[in-house]
Amino acid sequence: MPKTIIVSNRLPVKITQTDGEYQLSPSEGGLATGLGSIYKQHNNVWIGWPGIEVNSDEDKTAVTEKLKEISLLPVFLSQQEISEYYEGFSNEVLWPVFHYYASTYASYKQSNWDHYREVNQKFCDEVLKVAKPGDTIWIHDYQLLLLPALVRQAIPDVSIGFFLHIPFPSHEMFRLIPWRNELLEGMLGADLLGFHTFDDVRHFLSTVTRILPVTSSSNIITANDRSIVVESFPMGIDDKKYGTLPLTPEVIEQVKQIKEAFKDTKLILSIDRLDYSKGILQRLEAFELLLTLHPEYIGKINLYMIVVPSRENVQQYVYLHDQIDKKAGSINALYRTMDWSPVHYYYRSFPIETLSALYYSADVCLVTPMRDGMNLVSKEYVASRINNDGVLILSEMAGASKELIDAIIVNPNNIGEICRAIIQAIKMPLAEQQERMIQMRQNISKFNIAHWVKIFMERLKEVKQLQRSMQARHVSGTTGQSIINRYAKTKNRIIFLDYDGTLVDFKSNIAQAEPDKQLYDLLNLLTEDPANHVVLISGRKHENLAEWFGKENIYLIAEHGAWFRQQNTNWHKISGLSDAWKQDIYPLLETYVDRTPGSFIEEKTYSLVWHYRKAQKGLGELRANELANNLKYLASDKGLQLLPGDKVLEIKNMEVNKGKAAVSLTEKNNYDFIIAFGDDHTDEDIFKALPDSAITIKVGSNISAAKFYLRNPGEVRRFLLDLTESTVVQDK
């Protein structure tokens, strides 16, 4: 039976050693809770680092046996691996770059990268010990970016999902990483890539298409003949747990104590792990500004700040801890009275019951990270407000702000705005608090952790089905063989071949895409067979085609059907066409050439082409869309058609159409085999116009009206060669 394998840097347990015995205690993290429903079922497993260094083989066996009882498999790491892979590369390259602190905190050491690769391979080795074809593997977070591709290489047909729990940065930020290509290629081993927000999806798509030679259409990336779907799945929490905790005796008792301690003041709660991305200092500065500008709140409000220790051996974190200590101490020294302290600051972790009591009691929760993938504290606060009161102040830089739109949303860099938000929150009438909180609680209840797991796994199944249906359309294996068999049995064939992008690769200079000897030899093999009628149907100028193929035994159609020429005859053109419209369109195209470095205009008899294959990626597409919008109405008035192609936008007479040209030829003869190859928008006209019995093949993409597809011109040439060889075999 296929199983699900979850892989993350850490296992969802804490392991301690007492008197030589290893003890396990479950982790209370959101991920552990959400995925508990998966890894504890059937023969599913969770693979990860147990969180401690285990050296002796005897101890490794003991830990492995203990973990196996609860469906967990350990990946043991040495102290050096932990130091270089985790603390080094993961937290000194990926964490700062992904949180937009590259210039301040990132350190690019080769040895850290080497260990990152080695540890990802180590994880892969453990996965391969239990994974079988047909299994589903769900990999989590930035420590394992290389793992999807490593697993894919070893088991190509396995189903792989990947989820990133931190933000994904813009292309400008990501490209600073020296090993950027390898990281992206590693991620593209997955079938489904999940992020918290649409912004992260947008950044990833922009980054991967700029850095790697892959294409994307909407949110689907095509790489190595695989369609990889990129989507946002906002992570939820176990809302039921946080909604029922305030009703337990232990929490009720702590709530009573908190209410007693802060009975005459408004309580503002702040909970974070120690990190420079959390905006803790800015929050303290905003609170200090409030007390300075509004002394009437002295004695009336309290900031209850919990900072959970993190990476205490790293210099930047030691310094940040020191700064927070000083700032909290300074505010208390300035504003403390005999019976009131403004900041209650705790540098330690608290049990979940105490956190629940604080969530339930706090009038305001202040969550203002400088950058955060999601931030579950904000959701935990909302889920704990079972009386539908309280106010959430939330940074617009946290992923949760895209869902919890009824919070007071602030820019974490704007100290004044945070200060004003606190005052707004303190003064907010109960009716407004309830209106906002009910909306947020409904959102958190619906999009909880179970929902997050469910929709991710369902989408992964859908993506796999999509890939399989596309694989069936790829001209290879049995699909290719059945076409070859049909070709070999027929006696009167017509073969339509596009040129650029179909028989030859695109060149940045259009004049360089000349046919090579291999192509001439291939065309000769096709035309030598008396059963074949070969038609080259291209958007190229007729002069171009005449120069390259004038001596070949091929029917030539140029400029999408405006010009045609039978073997060994003169060129003819469609009668009744006018090019008077060019004088109105040409100046507009020129303005876009002036505005877009690298673009140029190509003039054909009855069309104008705006090329942007040399323009900066992104800018060319933007200008092409602008140009198409500008030309839309003008073109329809003049009976013109706009054809977006691969790095081109062509404007031509409506009457000129590859489909019409192809059909006019098929109608003249009773062909028993019709096949057409093409790679762009203009070839779709052929695919749609040909009869159902025709074999239509799209090149370079599987999104098409064509029945089948091939990846590139190299595959087209190999397949055409296979066709010619099939008749030779038959003759023998």
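Not measured: the values here are computed from a predicted model.
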To check you understand the geometry: which heavy-atom pair defines the closest contact between [X] and [Y], and what is its length?
X      : Y      : answer
Ile554 : Leu536 : CG2-N, 3.7 Å
Pro148 : Met187 : CB-O, 4.1 Å
Asn653 : Ser578 : ND2-O, 3.3 Å
His140 : Phe162 : C-CE1, 4.3 Å
Ala190 : Gly161 : CB-C, 4.5 Å
Ile155 : Ala131 : CD1-CB, 3.7 Å

Residues at least two apart in sequence or cross-chain that pass ring-ring contact (aromatic ring centres under 6.0 Å, His included) with Phe673, listed by chain then number, are Tyr487

Would Phe677 and Leu710 satisfy side-chain contact (heavy atoms from CB on, under 4.5 Å), going step by step from the backbone distance to the final call?
-> CA-CA 9 Å; Phe677 298 80; Leu710 286 164; 4.1 Å; yes

Would you please classify the geometry between the His451 ring and the Phe447 ring as parallel, tilted or perpendicular, with 30° and 60° separating the classes?
-> perpendicular

What residues, two or more places apart in sequence or in another chain, satisfy salt bridge (Lys or Arg N to Asp or Glu O under 4.0 Å) together with [X]?
X      : result
Asp135 : Lys3
Asp505 : none
Glu559 : none
Glu231 : Arg459

Between [X] and [Y], is there a donor-acceptor pair closer than 3.5 Å when you use the side chain of the first and the backbone of the second?
X      : Y      : value
Arg565 : Gly550 : yes
Asn532 : Val534 : no
Arg210 : Glu172 : no
Asn219 : Val229 : no
Asn120 : Leu146 : yes
Lys707 : Ala694 : yes
Asp683 : Asp680 : yes
Arg473 : Ala706 : yes
Thr209 : Thr215 : no
Ser607 : Lys604 : no

Any Leu503 side-chain heavy atom under 4.5 Å of Asp498 side chain | no

Salt-bridged, [X] to [Y], with N to O below 4.0 Å?
X      : Y      : value
Lys652 : Asp579 : no
Lys454 : Glu458 : yes
Lys660 : Glu655 : no
Asp722 : Arg718 : no
Asp672 : Lys489 : no
Lys698 : Asp679 : no

The single option from His542, Glu543, His572 passing side-chain contact (heavy atoms from CB on, under 4.5 Å) against Trp563 = His542

For Arg540, which of Ile557, Leu556, Leu545 qualifies under side-chain contact (heavy atoms from CB on, under 4.5 Å)?
-> Leu545

If you measure only the distance, is there a donor-acceptor pair under 3.5 Å linking the side chains of [X] and [Y]?
X      : Y      : answer
Lys573 : Tyr606 : yes
Thr197 : Asp199 : no
Asn485 : Gln481 : yes

Which side-chain N or O atoms in residues 619-629 pair as donor and acceptor under 3.5 Å with protein atoms at least two apart or in another chain?
unit_1: Glu621; atom_1: OE1; unit_2: Gly618; atom_2: N; d: 2.8
unit_1: Glu621; atom_1: OE2; unit_2: Lys647; atom_2: NZ; d: 2.9
unit_1: Arg623; atom_1: NE; unit_2: Thr596; atom_2: OG1; d: 3.4
unit_1: Arg623; atom_1: NH1; unit_2: Glu626; atom_2: OE2; d: 3.3
unit_1: Asn625; atom_1: ND2; unit_2: Glu621; atom_2: O; d: 3.4
unit_1: Glu626; atom_1: OE1; unit_2: Arg595; atom_2: NH2; d: 3.0
unit_1: Asn629; atom_1: ND2; unit_2: Asn625; atom_2: O; d: 3.3

Which is it for Asp191 and Gln467 under the side-chain hydrogen bond (donor to acceptor under 3.5 Å, both in side chains) test, yes or no, and what are the steps along the way?
-> CA-CA 9 Å; Asp191 299 300; Gln467 288 177 347; 2.9 Å; yes

Under 6.0 Å between ring centres, would you say that holds for [X] and [Y]?
X      : Y      : answer
Trp610 : Tyr586 : no
Tyr592 : Tyr612 : no
Tyr499 : Trp548 : yes
His203 : Phe168 : no
Phe195 : Phe204 : yes

Test Asn181 against Glu185 for side-chain hydrogen bond (donor to acceptor under 3.5 Å, both in side chains), laying out the working first.
-> CA-CA 6 Å; Asn181 290 43; Glu185 282 161 1; 4.9 Å; no

Asp516 atom CG, over 12 foreign heavy atoms within 6.0 Å | yes

Do other residues, nucleotides or ligands put more than 12 heavy atoms under 6.0 Å from the CG atom of Asn570?
-> no

Ile697 vs Phe687, side-chain contact (heavy atoms from CB on, under 4.5 Å): CA-CA, chis, key distance, verdict = CA-CA 8 Å; Ile697 300 175; Phe687 302 150; 5.9 Å; no

Might you work through the salt bridge (charged side-chain N to carboxylate O under 4.0 Å, His left out) test for Lys582 and Glu603, ending with a clear yes or no?
-> CA-CA 9 Å; Lys582 284 186 186 174; Glu603 184 170 359; 3.1 Å; yes

Step-by-step side-chain contact (heavy atoms from CB on, under 4.5 Å) determination, Arg717 to Phe719 = CA-CA 5 Å; Arg717 292 189 184 195; Phe719 184 64; over 6 Å; no

Would Asn492 and Asn669 count as a side-chain hydrogen bond (donor to acceptor under 3.5 Å, both in side chains) if you check the C-alpha gap in whole Å, the side-chain angles of each, and the deciding distance to 0.1 Å?
-> CA-CA 9 Å; Asn492 189 17; Asn669 209 322; 3.1 Å; yes

Is there a side-chain contact (heavy atoms from CB on, under 4.5 Å) between Trp581 and Leu608 once you walk through the steps?
-> CA-CA 10 Å; Trp581 55 268; Leu608 290 172; 3.9 Å; yes

